[in-house]
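Shown next, in structure tokens, is the structure this report addresses.
For reference, positions follow the sequence shown, starting with 1.
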Amino acid sequence: MSDHREAVRSNAKYLRNVRPIDPEEICDYIEETPHPAVVRQHLREAAPDLGLLERDDGTFVPVDDEPVPPMQGPVRKFPTAYEGRLEDLLVERYGVDWHKDATGDLLRSTIRRFKAEYLDRRPVDYDEDVAAGYAIYHLPGYYAAVQYALNDLAQRGLLGRNLRVLDIGAGVGGPALGLSNFLPQDSLLDYHAVEPSAAADVLEELLAETGRNVHPTIHRTTAEAFDPGAVADAGTGGDGFEPTAPDDGFDLIIAANVVSELEDPTAVLRSALEMLAPDGTLLAMAPADKNTSIQLREVERELEDERVWTPAELGGKGADDGTETAGDADDRLGRVTIYGPAVRLWPDARPSDRGWSFDVRPDLDVPSFQRKLEDATPADDDEHDPNEFVNVDVQFSYSLLRLDGTRRIDLSLETADWARMADMEGHVTNRIDLVAAKLSRSLSDGGSDGGRSSGSNPLFKISDGSETIDHYAVLTSETSLNRPLLEAEYGEVCSFEQILALWNDDEGAYNLVVDEQTIVDRIG
């Protein structure tokens with residue numbers, strides 16, 4: 001068996017640049033002539049290491065090196081295949097009428113309990129019932145959210161079709177499924193999940209619905225205990241293969257909706273960055289609520305500018321903790337840089353405001369499993385609120401970190417041309433010129449940002465990366481010259497000419513008034 005594997009690998013390495021690799025052809029080149037099905041299975045196992053895609057006709061070809069294209073439109077629904085697989089799992093665990101009677105009551109009470117524990121900032125224990133309830137309530141939104149965050153990378157050609165991914169705290173699989181569907185069909189995904197709880201059982205079932213070129217491995221351990229050497233071990237199967245070395249790093253590391261559950265999230269993400277490829281990205285995500293979103297920004301800022309060393313580098317440095325602070329190394333390679341959506345528009349300036357920033361995208365269609373659980377709620381359930389078990393909102397905070405110095409928006413402003421938010425106190429009651437990123441959708445409904453409201457006037461959080469206090473742009477009079485503020489996307493940078501700086505004592509923040517005298521341009 002081992003000899004067969006090595007022979008298959010050797011032939012595949014030769015043929016991959018000559019013609020499509022046909023398992024039946026390789027059989028003829030191997031002693032004892034193994035069955036084509038055996039050769040095909042060996043090729044599948046070696047595909048991530050060899051960079052091979054399996055085609056519909058059963059042959060294998062090298063994966064294209066073209067970057068992943070950006071999204072063509074919003075995510076509208078949770079895919080039917082995943083929807084059906086989850087319902088099959090629920091039927092298997094709880095019966096055909098899983099949403100009714102005692103089992104329905106159990107799942108509804110479970111969802112209520114983990115929602116309350118989350119809002120009270122108490123730890124959630126993920127047993128089998130919690131994992132099922134979590135999948136029903138959260139899976140669709142997380143599936144959509146990760147795709148919008150990944151689109152920031154795809155828009156700039158920074159996401160390849162041959163991806164080695166580590167998903168820390170993978171849960172029931174929202175980010176994994178979203179990533180799988182975001183990638184074109186001719187992509188190769190070597191996916192490694194770290195998930196110690198019962199959620200891994202749901203994840204394993206759902207991953208079975210992904211394509212033949214998604215190669216998943218679930219590491220049932222905690223983020224703190226995860227050993228990257230296990231990734232190499234998972235690829236060998238004890239057969240003498242030498243897969244890509246762990247110190248080559250992951251192209252993408254995901255830590256979605258897990259930061260608030262870690263005892264020391266900064267340490268965990270720092271360790272994750274040490275496993276990142278030099279041109280890779282770490283994507284950290286959190287729900288849009290105040291506590292988790294602000295915590296994500298705090299961790300992001302703690303890591304920023306640190307110098308992350310690979311194990312090979314540490315061998316010659318003698319460092320104890322694997323990091324150095326800014327200024328200890330001259331080059332930018334290996335220094336933690338915020339790619340986005342937060343911006344750093346002023347040299348050496350860093351923000352110290354509360355950092356509550358989140359994106360909002362269109363709601364999804366209601367999946368069948370949520371509708372069933374909602375509609376089966378007993379009429380005499382006094383605790384029930386309308387659509388309590390329907391969750392199709394897509395609201396999320398995220399941070400993209402890299403080690404190669406690349407930023408989504410790379411500007412360096414001068415005070416001779418633009419005002420700086422750090423100096424806003426001296427500009428109050430004056431009209432100024434400003435450059436800033438739009439870091440929210442409109443908050444004027446009063447419910448999205450802790451009750452902030454500007455009546456019917458659209459209001460947006462903005463940032464230039466130097467602020468110590470929250471700044472908001474308030475559109476009081478829309479014109480053709482300031483309409484770009486409404487049209488700009490989340491994270492997009494705009495210039496504001498003749499914006500009026502005011503202090504809002506009630507909110508303890510700066511309101512920057514955009515009126516008929518203000519000119520707004522989208523510049524990045």
Side-chain angles (χ1 to χ4, degrees), residues 1-69 79 81 150 154 157 159-167 176-177 179-193 204 206-219 230-246 248-252 277 279-280:
M1 178 75 70
S2 175
D3 289 341
H4 285 170
R5 291 179 187 271
E6 293 174 4
V8 169
R9 177 185 175 91
S10 177
N11 280 278
K13 289 177 70 175
Y14 169 74
L15 290 172
R16 69 188 304 276
N17 295 318
V18 177
R19 56 182 175 270
I21 300 168
D22 187 339
E24 294 189 9
E25 178 185 0
I26 289 184
C27 289
D28 297 335
Y29 303 148
I30 300 176
E31 293 183 9
E32 302 176 4
T33 315
H35 192 278
V38 174
V39 174
R40 179 172 288 107
Q41 183 58 35
H42 292 341
L43 285 170
R44 286 173 179 165
E45 293 170 358
D49 179 41
L50 297 176
L52 295 177
L53 289 172
E54 183 177 359
R55 302 196 305 189
D56 291 341
D57 63 3
T59 62
F60 293 77
V61 295
V63 62
D64 198 337
D65 59 1
E66 287 295 311
V68 172
L150 291 172
L159 200 63
R161 294 174 191 254
N162 187 358
L163 280 179
R164 192 175 189 216
V165 176
L166 178 65
D167 190 353
L177 301 181
L179 168 64
S180 176
N181 276 45
F182 185 84
L183 298 176
Q185 290 189 345
D186 60 345
S187 298
L188 180 63
L189 177 56
D190 183 13
Y191 173 80
H192 293 264
E204 186 172 29
L206 293 173
L207 284 173
E209 286 297 323
T210 57
R212 65 171 66 88
N213 292 304
V214 176
H215 299 266
T217 303
I218 300 177
H219 305 269
V231 175
D233 294 340
T236 65
D239 55 25
F241 272 178
E242 295 181 2
T244 305
D248 284 348
F250 291 94
D251 304 297
L252 176 67
D279 59 350

Quiz item: Which pair of non-hydrogen atoms, one from Gly51 and one from Asn162, has the smallest distance, and what is that distance?
Solution: CA-ND2, 4.0 Å
Quiz item: Got a second to check how far Thr59's OG1 is from Leu43's CG, nearest 0.5 Å?
Solution: 10.0 Å
Self-check item: Reported CG-to-CG distance for the pair Leu252 and Leu179, which is rounded to 0.5 angstrom
Solution: 6.5 Å
Self-check item: Contact summary for Glu54 and Arg212, nearest pair of heavy atoms
Solution: O-CD, 3.3 Å
Quiz prompt | Aromatic ring pairing His192/Phe250, orientation class (parallel under 30°, perpendicular over 60°, tilted between) | solution = perpendicular
Self-check item: Sidechain-backbone polar pair: Arg16 side chain, Leu50 backbone, donor-acceptor under 3.5 Å
Solution: yes
Exercise. Look up atom NE2 in His219 and atom CG in Asp167, then write down how far apart they are to the nearest 0.5 Å.
Key: 10.5 Å
Exercise. Say whether, by atom type as modelled, one donor and one acceptor occur between the side chain of Asp251 and the main chain of Val165 under 3.5 angstrom.
Key: no
Quiz item: Taking all atoms of both residues into account, what is the closest heavy-atom pair of Leu188 and Pro48, and its distance?
Solution: CD2-CA, 4.0 Å
Quiz prompt | Validation row: Pro184, Val68 side chains within 4.5 angstrom (heavy atoms) | solution = yes
Quiz item: Does Glu66 offer a backbone N or O that forms a donor-acceptor pair with the side chain of Arg161 under 3.5 Å?
Solution: yes
Practice problem: Quick one: pull up CD1 in Ile21 and CZ in Arg40 and give me the separation to the nearest 0.5 Å. | Solution: 12.5 Å
Quiz item: Considering all heavy atoms of both residues, which atom of Val214 and which atom of Ser180 are nearest to each other, and what is their separation?
Solution: CG2-OG, 3.7 Å
Practice problem: Report yes if the side chains of Ile26 and His42 come closer than 4.5 Å at any heavy-atom pair, otherwise no. | Solution: no
